[in-house]
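Just so you know, ligand 1 is whichever comes first in the structure, and atom 1 is the first atom listed for that ligand. Keep in mind the model is a prediction, meaning the values are calculated, not measured.
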Amino acid sequence: MNLEIPSKYKGTLKAAYGAAEKILRPISRKYDLAEHTYPKELDMLAAALEAMNTPAAATEQVAQSNESNTKNGNNMQSVLYIQALNYGDVGMSLTIPGRGLGNAAISAVANPEQLAKFGKTWASMAITEPGAGSDSAAITTTAKKDGDFYILNGEKIFITAGERSNAVVVWATLDKSLGRAAIKSFVVEKGTPGMELIRVEKKLGIRASDTAAIMFTNCRVPASNLLGNAEIDVKKGFGGVMETFDATRPFVAAMSLGAAQAAIERTRELIGAKLKLTDFTNPINNIDAVEAEFFRMEADYEASRLLVLRAAWMADNRMPNSMEASICKAKAGRVCTLITLKCIELLSSIGYSQQELLEKWGRDSKILDIFEGTQQIQQLIIARRLLGKTSQELK
Ligand SMILES: Cc1cc2nc3c(=O)[nH]c(=O)nc-3n(C[C@H](O)[C@H](O)[C@H](O)COP(=O)(O)OP(=O)(O)OC[C@H]3O[C@@H](n4cnc5c(N)ncnc54)[C@H](O)[C@@H]3O)c2cc1C
């Protein structure tokens, strides 16, 4: 395994950090205060990222690394860019045109025709329903075959970029009586009759990102918009749609890395100026309590970073990574929340006030330990894998 950052990414990665600092940070506060206003500056950023040829989502391609015979491909590249953009702003990184969670789903399970059709469409992801959150197998949105179409009925809530994206990847069941195996995902393009935006949420953090509720009432979707295999394979169970999470969980974990990195760096700058913080060259018996907190935060950050790289590397090398994807998401999500709050604590009044972005980062980071599976759900998945238990045996 090679977890060195491939040299071929270094140039564009530097540009991505530059964009995070020069484009996202200066408008962070503005769009935090102006919730539900689209940050129009992101159109320019999206075009620049496209020009730099950064992946909108991981695809199956794998590039040979120069450094060794291991392979680093688009999953590795994606987590590095996602970290860089989230170092700028978590909310805005979720609303950059063309880079939705639905795009990752399309990349993970679409066939070549679907990739050609929807690969460049900004797509959000709609799994959650009023009666189905952590237990995604409980969804009740239905898809009934009608000739060359499926007819969708149901309510989806908390869809990141659901208002702004050009398509929504909707999870629906073909036959509730057949359980998880009958759950399939469908690309529903914006403006399809029967698809209605009913609400945009007001939130604790990531306020630059819209979070929508959408109702589907007799919404007719071309049968070719079903992602993956239309057959209901009871033996494979949830396999098809769940593969999406193996790709997206490391991405959300990488978001945590960006936010944690930003908080540690800014706090070090501010405390360093105030308390003359040393630079790790001090003998251990001279380390003060504040510096010890930095050691802990940096160690947790670095452990999270390596776990994210491992999960992405496994995906690039086509190794099953469900457990590693959950491990990195659980670790990075928890660590990011702890670090951003610790940084507020270390700076006290400055950390809590709006003079700095630290209080915002504290609010933004909590979602990273909730969506794409909460902390508790990741731990459950890891336990099932370690103990060899099914979801029926360990709930
Ligand atoms: C800002 C925001 C954006 C979102 N974006 C999207 C999106 O783009 N697409 C989408 O589909 N969804 C999205 N969601 C929904 C998100 O994925 C869910 O909130 C999450 O899966 C948890 O579901 P829930 O809120 O219904 O909580 P619940 O499932 O009701 O869980 C409540 C609490 O119980 C715990 N819990 C639940 N089951 C167990 C168990 N078996 N063992 C131990 N503890 C358990 C949970 O960890 C949690 O702490 C978003 C949510 C928010 C807030």
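- Atom 37 (C) of ligand 1 has S134 OG, 3.6 Å as its closest protein atom, hydrogens excluded (heavy atom only).
- In this structure, the protein non-hydrogen atom closest to atom 38 (N) of ligand 1 is I377 CD1, 3.8 Å.
- Side-chain contact, S322 with D246: a donor N or O sits under 3.5 Å from an acceptor N or O.
- Residues forming a side chain to side chain donor-acceptor pair (under 3.5 Å) with Q261 (at least two apart in sequence, or on another chain): Y17, Q83.
- In this structure, atom 25 (O) of ligand 1 is not in close contact with the protein, since no protein heavy atom lies within 4.0 Å of it.
- The 12-atom threshold is not exceeded at NZ of K120, counting heavy atoms of other residues, nucleotides or ligands nearer than 6.0 Å.
- Ligand-side atoms of ligand 1 in range of L380: 41 (N), range being under 4.0 angstrom from any heavy atom.
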**Item:** E231 and K184: CA distance, side-chain angles, deciding distance, salt bridge (charged side-chain N to carboxylate O under 4.0 Å, His left out) verdict
**Value:** CA-CA 9 Å; E231 297 303 314; K184 303 288 171 187; over 6 Å; no
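- Of the protein's non-hydrogen atoms, the one nearest atom 20 (C) of ligand 1 is I370 O, 4.0 Å.
- Among residues at least two apart or in separate chains, salt bridge (Lys or Arg N to Asp or Glu O under 4.0 Å) pairs with a member in residues 153-167 are E129-K156, R164-D210.
- Scanning F158, F371, W171 for the heavy atom closest to atom 6 (C) of ligand 1 points to F158.
- Here is the list of ligand 1 atoms found below 4.0 Å of a heavy atom in M125: 7 (C), 8 (O), 9 (N), 10 (C), 11 (O).
- Results of the side chain to side chain donor-acceptor pair (under 3.5 Å) test with Q375 over R334, K331, K329 single out R334 as the only residue that passes.
- Considering only non-hydrogen protein atoms, atom 46 (C) of ligand 1 sits nearest to T374 OG1, 3.6 Å.
- The closest side-chain donor-acceptor pair between K203 and T211 falls under 3.5 angstrom.
- A donor-acceptor contact closer than 3.5 angstrom links the side chains of D89 and S28.
- Proximity of atom 17 (O) of ligand 1 to the protein is indicated by at least one non-hydrogen atom lying closer than 4.0 angstrom.
- Between atom 52 (C) of ligand 1 and the options I127, D210, I367, the minimum heavy-atom separation is to I367.
- Two rings, from F245 and W171, have their centers less than 6.0 Å apart.
- The protein heavy-atom contact nearest to atom 10 (C) of ligand 1 is T128 OG1, 3.3 Å.
- Ligand 1 places these atoms under 4.0 Å from at least one heavy atom of K203: 1 (C).
- Counting only heavy atoms, the protein never gets under 4.0 Å from atom 33 (C) of ligand 1.
- At the top of the distance list for atom 43 (C) of ligand 1, counting protein heavy atoms only, stands Q376 CB, 3.9 Å.
- Contacts with ligand 1 closer than 4.0 Å are made by heavy atoms of both the backbone and the side chain of T160.
- With a 4.0 Å heavy-atom cut-off, ligand 1 is reached by no atom of K156.
- Polar contact check, T211 against ligand 1: no nitrogen or oxygen pair lies under 3.5 Å apart.
- In this structure, R296 fails the cation-pi test against Y301, since its NZ or CZ atom is not both closer than 6.0 Å to the six-membered ring centre and inside 45 degrees of the ring normal.
- Other residues, nucleotides and ligands contribute over 12 non-hydrogen atoms within 6.0 Å of the NZ atom of K176.
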